[in-house]
Amino acid sequence: MSLFKKKTRVGDRPVPTHIAIVMDGNGRWAKKRGLPRTAGHKVGAEAFRTIANYAKSIGLKYLSVYTFSTENWKRSEEEVNAIMELLEKYLRELIRDMDKNRVRFCFFGDLSRLSPQLQEEARIAAKESEKYAGVQVNFCLNYGGRAEIIRAAKQFAQDCADGKCKPEELTEERFSDLMYSAGVPDPELVIRPGGELRTSNFLLWQSAYAEYYFTDVLWPDFGPKELEKAIAAYNGRNRRFGGAK
Ligand code: IPE
Ligand code: IPE
Ligand code: MG
């Protein structure tokens with residue numbers, strides 16, 4: 001008999017517990033259509049809505065999405081402002097429709113650099129959605145993998161300096177608990193649409209043994225069918241974790 005409950009399968013395939021996605025390719029999607037980059041971000045936000053609902057329907061437990069990186073501040077002020085405005089609007093709608101969607105929301109990243117309004121919306125979205133037990137969406141917002149590791153290292157060093165622990169007590173588990181993702185299992189599958197073959201500083205610590213899936217499909221065109229393809233590819237992989245199976 002299968003170890004997987006029916007609802008955690010796509011077709012006859014088991015679904016991973018945690019999938020992480022680099023939502024990339026919005027700008028190129030817009031450019032191809034002669035539209036401003038921000039138009040791509042708008043359609044990208046809709047693609048996210050569809051994927052989050054689909055993730056819920058297949059029984060995925062955690063979905064982490066790279067929304068804005070610590071490096072994305074390098075973009076023009078106009079583009080950054082447009083992305084932030086879209087995020088504010090998106091979070092307002094998300095809070096409004098929360099009871100209907102029943103998705104739990106978490107935020108990974110340094111939110112202190114965001115507008116007070118965005119910070120407040122993120123706080124409300126996280127607090128009010130704590131009660132939902134379905135899929136948990138982790139918005140990686142002003143997130144960078146290296147910044148996250150440095151933050152954890154500083155926290156541990158501070159705890160040592162305060163006499164709460166000793167350097168030799170640091171283990172991988174303990175360090176994981178100092179990440180934004182504390183308590184969330186590592187992603188088994190990291191998906192990057194948009195054609196680039198790199199991590200761009202996404203979940204560096206957590207993805208040590210993740211399976212990667214890259215596709216040229218641009219994020220605004222990435223729908224449930226693409227997610228199914230990624231899961232199918234994942235199920236065809238032989239995960240050895242350094243062993244010799
Ligand atoms: C991803 O799409 C969205 C963000 C990084 C905020 P891009 O804006 O990077 O789109 P491309 O890669 O330029 O096509
Ligand atoms: C990664 O995409 C960040 C997000 C999707 C939020 P980028 O477009 O910023 O990555 P690079 O610049 O191609 O590495
Ligand atoms: Mg990009």
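Start at 1 and go down the list; that is how both ligands and their atoms are numbered.
- Counting only N and O atoms by type, the side chains of Gln155 and Asp159 include a donor and acceptor under 3.5 Å apart.
- Judged by distance alone, the side chains of Glu228 and Tyr54 do bring a donor and an acceptor atom under 3.5 Å apart.
- Counted by atom type alone, Gln136 and Glu130 present zero donor-acceptor pairs between their side chains at under 3.5 Å.
- Tracing side-chain contacts under 4.5 Å through hydrophobic residues (I, L, V, M, F, W, Y), one never reaches Phe214 starting from Tyr234; they form parts of separate clusters.
- Under 3.5 Å, the side chains of Trp73 and Asn142 contain a donor-acceptor pair of N or O atoms.
- Near ligand 2, residues Val22, Met23, Asp24, Tyr66, Thr67, Phe68, Asn72, Arg75, Arg192, Arg198, Ser200 each place a heavy atom inside the 4.0 Å sphere around the ligand atoms.
- No heavy atom of Lys31 sits closer than 4.0 Å to any atom of ligand 1.
- Under the 3.5 Å distance criterion, with hydrogens and angles disregarded, a donor-acceptor pair is assigned to the side chains of Ser200 and Arg192.
- Each of Val15, Ile51, Leu189 was checked for a side chain to side chain contact (heavy atoms under 4.5 Å, CB included) with Leu227, and the lone residue meeting it is Ile51.
- Remark: side-chain polar atoms of Arg102 are not paired, donor with acceptor, to backbone N or O of Met98 under 3.5 angstrom.
- Between Tyr66 and Phe202, the ring planes are parallel. Angles under 30° get that label, and only those over 60° would be called perpendicular.
- Within the sub-2.8 Å shell of the Mg ion (ligand 3), the protein contributes these N/O/S atoms: Asp24 OD1.
- Ring centers of Phe108 and Tyr143: at least 6.0 Å apart, outside the cut-off.
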